[in-house]
Amino acid sequence: MRLRHKPWAQDYMKEQSSIYIAEPASLKGAWASEFKNGNPIYIEVGSGKGAFITGMAHQHPDINFIAIELFESVAVTIVQKLVETPQSNVRVLTVDAKDLRDYFEKGEVSRVYLNFSDPWPKTRHAKRRLTYKTFLSTYEDILPAKGQIHFKTDNRKLFESSLMTMSAYGMRFDWMSLDLHANEPEDNVRTEYEERFSSMGQPIYRMEATYQN
(Lines give C-alpha, C1' and ligand atoms only; values in the text may rest on other atoms or scores of the structure.)
Protein backbone atom coordinates (compact mmCIF):
# COMPACT_ATOMS: atom_id res chain seq x y z
CA MET A 1 0.00 0.00 0.00
CA ARG A 2 1.38 3.39 -1.01
CA LEU A 3 0.84 5.99 1.69
CA ARG A 4 -0.28 9.47 0.82
CA HIS A 5 1.79 11.93 2.83
CA LYS A 6 -0.25 14.34 4.92
CA PRO A 7 2.13 17.00 6.26
CA TRP A 8 -0.60 18.50 8.41
CA ALA A 9 -1.37 15.23 10.24
CA GLN A 10 1.00 15.59 13.20
CA ASP A 11 -0.12 19.12 14.10
CA TYR A 12 -3.78 18.18 13.72
CA MET A 13 -3.44 15.13 15.97
CA LYS A 14 -1.54 17.03 18.64
CA GLU A 15 -4.46 19.44 18.84
CA GLN A 16 -6.70 16.50 19.79
CA SER A 17 -4.97 15.72 23.07
CA SER A 18 -7.98 13.88 24.49
CA ILE A 19 -7.63 11.33 21.68
CA TYR A 20 -4.04 11.34 20.47
CA ILE A 21 -1.29 10.66 23.01
CA ALA A 22 1.87 12.37 21.78
CA GLU A 23 4.07 11.20 24.70
CA PRO A 24 2.82 7.72 25.64
CA ALA A 25 5.93 6.83 27.66
CA SER A 26 4.74 9.30 30.29
CA LEU A 27 1.68 7.11 30.87
CA LYS A 28 3.49 3.81 31.37
CA GLY A 29 1.86 2.23 34.41
CA ALA A 30 -0.74 5.01 34.56
CA TRP A 31 -3.13 4.36 31.68
CA ALA A 32 -6.02 3.94 34.13
CA SER A 33 -5.59 7.60 35.06
CA GLU A 34 -5.73 8.59 31.38
CA PHE A 35 -9.01 6.74 30.89
CA LYS A 36 -10.22 7.71 34.36
CA ASN A 37 -11.30 4.14 35.12
CA GLY A 38 -9.85 0.72 35.80
CA ASN A 39 -11.43 -1.05 32.82
CA PRO A 40 -9.37 -3.56 30.81
CA ILE A 41 -7.22 -2.19 28.01
CA TYR A 42 -7.18 -3.85 24.59
CA ILE A 43 -4.71 -2.70 21.96
CA GLU A 44 -4.76 -3.17 18.20
CA VAL A 45 -1.31 -3.20 16.61
CA GLY A 46 -1.62 -1.82 13.09
CA SER A 47 -5.01 -0.10 13.29
CA GLY A 48 -5.13 1.28 9.76
CA LYS A 49 -8.01 3.72 9.35
CA GLY A 50 -9.69 2.55 12.54
CA ALA A 51 -12.84 0.71 11.46
CA PHE A 52 -12.11 -2.21 13.77
CA ILE A 53 -11.08 -0.33 16.88
CA THR A 54 -13.88 2.25 16.69
CA GLY A 55 -16.39 -0.53 16.04
CA MET A 56 -15.10 -2.53 18.99
CA ALA A 57 -15.15 0.52 21.24
CA HIS A 58 -18.79 1.13 20.35
CA GLN A 59 -19.63 -2.53 20.94
CA HIS A 60 -17.74 -2.68 24.26
CA PRO A 61 -18.05 0.63 26.15
CA ASP A 62 -16.71 -1.08 29.30
CA ILE A 63 -13.35 -1.78 27.61
CA ASN A 64 -10.63 0.79 26.88
CA PHE A 65 -9.02 0.57 23.44
CA ILE A 66 -5.70 1.89 22.16
CA ALA A 67 -4.94 2.08 18.45
CA ILE A 68 -1.28 1.51 17.60
CA GLU A 69 -0.51 2.81 14.11
CA LEU A 70 3.04 3.57 13.01
CA PHE A 71 2.18 6.00 10.23
CA GLU A 72 0.83 9.43 11.12
CA SER A 73 -0.76 9.84 7.69
CA VAL A 74 -2.88 6.77 8.44
CA ALA A 75 -3.49 7.33 12.16
CA VAL A 76 -4.88 10.80 11.50
CA THR A 77 -7.93 9.18 9.88
CA ILE A 78 -8.72 7.41 13.17
CA VAL A 79 -8.37 10.69 15.05
CA GLN A 80 -10.67 12.43 12.59
CA LYS A 81 -13.30 9.72 13.08
CA LEU A 82 -13.10 10.16 16.84
CA VAL A 83 -13.44 13.92 16.53
CA GLU A 84 -16.57 13.50 14.40
CA THR A 85 -18.00 10.71 16.60
CA PRO A 86 -16.42 10.94 20.06
CA GLN A 87 -15.68 7.72 21.93
CA SER A 88 -14.19 8.31 25.36
CA ASN A 89 -12.75 4.77 25.55
CA VAL A 90 -10.34 5.10 22.60
CA ARG A 91 -6.83 6.57 22.38
CA VAL A 92 -4.43 6.69 19.43
CA LEU A 93 -0.64 6.24 19.43
CA THR A 94 1.84 6.52 16.57
CA VAL A 95 4.61 4.24 17.83
CA ASP A 96 6.54 1.18 16.67
CA ALA A 97 5.25 -2.15 17.98
CA LYS A 98 8.77 -3.28 18.87
CA ASP A 99 8.86 -0.53 21.53
CA LEU A 100 5.61 -1.39 23.33
CA ARG A 101 7.49 -2.21 26.54
CA ASP A 102 8.37 1.50 26.73
CA TYR A 103 4.70 2.45 27.00
CA PHE A 104 3.04 -0.32 29.05
CA GLU A 105 3.83 -2.16 32.27
CA LYS A 106 3.49 -5.92 32.61
CA GLY A 107 -0.22 -6.75 32.73
CA GLU A 108 -1.34 -3.25 31.81
CA VAL A 109 -2.73 -4.49 28.49
CA SER A 110 -5.38 -7.22 28.70
CA ARG A 111 -5.50 -8.28 25.05
CA VAL A 112 -3.64 -7.70 21.75
CA TYR A 113 -5.38 -7.62 18.37
CA LEU A 114 -3.44 -8.14 15.14
CA ASN A 115 -5.59 -7.57 12.07
CA PHE A 116 -4.42 -7.93 8.47
CA SER A 117 -0.79 -7.28 9.33
CA ASP A 118 1.79 -6.87 6.57
CA PRO A 119 2.67 -10.48 5.60
CA TRP A 120 6.29 -9.72 4.69
CA PRO A 121 6.30 -12.78 2.40
CA LYS A 122 10.03 -13.02 1.75
CA THR A 123 11.90 -15.33 4.13
CA ARG A 124 14.59 -12.73 4.79
CA HIS A 125 11.88 -10.39 6.11
CA ALA A 126 10.32 -12.92 8.52
CA LYS A 127 11.59 -10.98 11.55
CA ARG A 128 9.39 -8.05 10.54
CA ARG A 129 6.16 -10.04 10.83
CA LEU A 130 4.11 -8.99 13.86
CA THR A 131 3.81 -12.65 14.88
CA TYR A 132 7.56 -13.29 14.84
CA LYS A 133 9.00 -14.54 18.14
CA THR A 134 10.54 -11.20 19.11
CA PHE A 135 7.15 -9.50 18.81
CA LEU A 136 5.49 -12.37 20.70
CA SER A 137 7.97 -11.74 23.50
CA THR A 138 7.13 -8.04 23.51
CA TYR A 139 3.39 -8.69 23.75
CA GLU A 140 3.95 -11.21 26.53
CA ASP A 141 5.79 -8.55 28.53
CA ILE A 142 2.82 -6.17 28.53
CA LEU A 143 0.05 -8.75 28.91
CA PRO A 144 -0.97 -10.51 32.14
CA ALA A 145 -0.31 -14.21 32.69
CA LYS A 146 -2.38 -16.25 30.22
CA GLY A 147 -2.81 -13.14 28.06
CA GLN A 148 -4.33 -13.48 24.61
CA ILE A 149 -3.62 -12.48 21.02
CA HIS A 150 -6.52 -12.33 18.56
CA PHE A 151 -5.33 -12.52 14.96
CA LYS A 152 -7.08 -12.08 11.59
CA THR A 153 -5.68 -12.17 8.07
CA ASP A 154 -6.58 -12.96 4.48
CA ASN A 155 -3.07 -14.30 3.85
CA ARG A 156 -2.91 -18.07 4.25
CA LYS A 157 0.89 -18.22 4.29
CA LEU A 158 1.05 -15.59 7.03
CA PHE A 159 -1.59 -17.49 8.97
CA GLU A 160 0.36 -20.74 8.66
CA SER A 161 3.68 -19.13 9.62
CA SER A 162 1.97 -17.47 12.60
CA LEU A 163 0.60 -20.81 13.75
CA MET A 164 4.12 -22.21 13.63
CA THR A 165 5.80 -19.32 15.47
CA MET A 166 3.10 -19.18 18.15
CA SER A 167 3.19 -22.94 18.62
CA ALA A 168 6.98 -22.89 18.87
CA TYR A 169 6.67 -20.11 21.44
CA GLY A 170 4.48 -22.41 23.53
CA MET A 171 1.15 -20.69 23.00
CA ARG A 172 -2.19 -22.53 23.08
CA PHE A 173 -4.80 -22.08 20.36
CA ASP A 174 -8.24 -21.62 21.87
CA TRP A 175 -10.24 -20.85 18.74
CA MET A 176 -9.57 -20.97 15.02
CA SER A 177 -11.39 -20.47 11.74
CA LEU A 178 -10.15 -21.03 8.19
CA ASP A 179 -13.16 -19.22 6.72
CA LEU A 180 -14.49 -16.76 9.26
CA HIS A 181 -17.28 -15.37 7.11
CA ALA A 182 -18.68 -18.79 6.23
CA ASN A 183 -20.16 -18.79 9.72
CA GLU A 184 -19.46 -15.28 10.92
CA PRO A 185 -19.94 -14.60 14.64
CA GLU A 186 -22.55 -11.92 15.30
CA ASP A 187 -20.06 -9.83 17.25
CA ASN A 188 -17.32 -9.86 14.58
CA VAL A 189 -16.18 -6.33 13.75
CA ARG A 190 -14.78 -6.11 10.24
CA THR A 191 -11.75 -4.06 9.26
CA GLU A 192 -11.48 -2.10 6.01
CA TYR A 193 -9.25 -4.79 4.52
CA GLU A 194 -11.59 -7.52 5.74
CA GLU A 195 -14.51 -5.97 3.87
CA ARG A 196 -12.44 -5.63 0.71
CA PHE A 197 -10.97 -9.13 0.69
CA SER A 198 -14.25 -10.77 1.66
CA SER A 199 -16.03 -9.02 -1.20
CA MET A 200 -13.43 -10.56 -3.52
CA GLY A 201 -14.33 -14.03 -2.26
CA GLN A 202 -11.16 -14.57 -0.27
CA PRO A 203 -11.46 -16.55 2.98
CA ILE A 204 -10.63 -14.78 6.21
CA TYR A 205 -8.48 -16.67 8.73
CA ARG A 206 -8.81 -16.00 12.44
CA MET A 207 -7.35 -17.41 15.64
CA GLU A 208 -7.24 -16.76 19.37
CA ALA A 209 -4.01 -17.78 21.08
CA THR A 210 -3.08 -17.77 24.77
CA TYR A 211 0.31 -17.51 26.44
CA GLN A 212 1.04 -20.34 28.86
CA ASN A 213 3.33 -18.52 31.31
Side-chain angles (χ1 to χ4, degrees), residues 1-6 9 42-60 63 65-82 84-85 87 90 92-94 96-98 111-133 135-136 139 148-167 171 173-210:
M1 178 182 68
R2 184 174 181 179
L3 297 179
R4 181 182 176 187
H5 181 56
K6 299 176 182 177
Y42 293 174
I43 69 172
E44 182 189 18
V45 180
S47 294
K49 296 180 180 179
F52 177 81
I53 204 156
T54 55
M56 288 291 287
H58 176 75
Q59 193 176 98
H60 302 282
I63 303 291
F65 291 88
I66 299 177
I68 309 292
E69 175 53 54
L70 181 60
F71 301 105
E72 293 176 346
S73 293
V74 179
V76 70
T77 302
I78 311 175
V79 176
Q80 288 176 312
K81 286 180 178 179
L82 294 168
E84 294 169 6
T85 306
Q87 292 178 280
V90 185
V92 179
L93 312 185
T94 50
D96 196 315
K98 67 180 176 60
R111 182 179 296 168
V112 173
Y113 288 97
L114 303 174
N115 294 317
F116 299 87
S117 309
D118 191 324
W120 294 105
K122 295 181 179 179
T123 301
R124 69 176 183 270
H125 292 153
K127 292 181 180 180
R128 300 183 185 181
R129 297 171 193 158
L130 291 179
T131 51
Y132 190 69
K133 61 183 179 181
F135 284 105
L136 296 180
Y139 309 143
Q148 279 194 329
I149 293 176
H150 289 199
F151 176 75
K152 280 196 289 190
T153 183
D154 68 298
N155 190 295
R156 187 178 183 92
K157 289 186 178 179
L158 176 61
F159 191 74
E160 291 172 348
S161 72
S162 299
L163 289 175
M164 289 189 288
T165 55
M166 290 180 178
S167 178
M171 299 182 73
F173 300 108
D174 302 308
W175 191 90
M176 191 179 303
S177 174
L178 300 180
D179 192 355
L180 180 64
H181 293 177
N183 188 21
E184 188 172 7
E186 290 185 6
D187 62 349
N188 181 54
V189 175
R190 296 189 179 192
T191 76
E192 296 92 349
Y193 280 120
E194 187 171 353
E195 290 281 10
R196 182 192 306 174
F197 293 131
S198 181
S199 70
M200 295 166 60
Q202 294 181 223
I204 304 301
Y205 308 97
R206 185 179 185 276
M207 71 164 106
E208 298 175 4
T210 301

Partners meeting side-chain contact (heavy atoms from CB on, under 4.5 Å) with S177 (sequence neighbours left out): W175, L180
Taking only residues two or more places apart in sequence or in another chain, which ones pass side-chain contact (heavy atoms from CB on, under 4.5 Å) with Q202? D154, F197, M200
Going by the rule ring-ring contact (aromatic ring centres under 6.0 Å, His included), which residues pair with Y205 if we only count those two or more places apart in sequence or in a different chain? F159
Between L158 and S161 the two heavy atoms that sit nearest each other are O-OG, 3.0 Å
How would you list, by chain and number, every residue that makes a side chain to side chain donor-acceptor pair (under 3.5 Å) with Q80, sequence neighbours excluded? none
Could you list the residues that satisfy ring-ring contact (aromatic ring centres under 6.0 Å, His included) with F151, not counting sequence neighbours? none
Residue set satisfying salt bridge (charged side-chain N to carboxylate O under 4.0 Å, His left out) with R128, at least two apart, ordered chain then number -> none
Would a 4.5 Å heavy-atom cut-off, applied to side chains only, mark T85 and H58 as touching? no
Please collect all salt bridge (charged side-chain N to carboxylate O under 4.0 Å, His left out) contacts where either partner lies in residues 181-197, sequence neighbours excluded, each pair once. K81-E192, K152-E194, E184-R190, R190-E195
Scanning both residues in full, the closest heavy-atom pair of S162 with M207 reads CB-CE, 3.9 Å
Closest approach of A9 to V76 (non-hydrogen atoms, all atoms of both residues): CB-CB, 3.8 Å
Reported CG-to-CE distance for the pair L136 and M171, which is rounded to 0.5 angstrom: 6.0 Å
Can you list every pair that meets side chain to side chain donor-acceptor pair (under 3.5 Å) and has a residue in residues 112-123, with sequence neighbours left out? E44-N115, R111-Y113
Distance, nearest 0.5 Å, that separates CG of L114 from CZ of F135: 10.0 Å
What residues form a side-chain contact (heavy atoms from CB on, under 4.5 Å) with D179, not counting sequence neighbours? A182, P203
Residues passing the salt bridge (charged side-chain N to carboxylate O under 4.0 Å, His left out) test with K49, sequence neighbours excluded, are none
Drop me the distance from I204's CD1 to N188's CG, to the nearest 0.5 angstrom. 9.0 Å
Quick one: CD on Q87 to CZ on F65, what's the gap to the nearest 0.5 Å? 9.5 Å
Please name all residues satisfying side chain to side chain donor-acceptor pair (under 3.5 Å) with T191, sequence neighbours left out, ordered by chain then number. none
For V189 and G55, work out which heavy atoms get closest and say how close. CG1-CA, 4.0 Å
Counting heavy atoms not belonging to H125, are there more than 12 under 6.0 Å from its NE2? yes
Are the side chain of T94 and the backbone of E72 linked by a donor-acceptor contact shorter than 3.5 Å? no
Contacts of E69 meeting side-chain contact (heavy atoms from CB on, under 4.5 Å) (sequence neighbours excluded), chain-then-number -> F71, V74, A75
With rounding to the nearest 0.5 Å, note down the distance linking OG1 in T77 to CG in L82. 11.0 Å
Heavy-atom closest pair (F173 atom, A209 atom, distance to 0.1 Å) is CD2-CB, 3.9 Å
For A97 and V45 the tightest heavy-atom approach is CB-CG1, 3.6 Å
Hey, could you give me the CZ/OG1 distance between R129 and T165, rounded to the nearest 0.5 Å? 8.5 Å
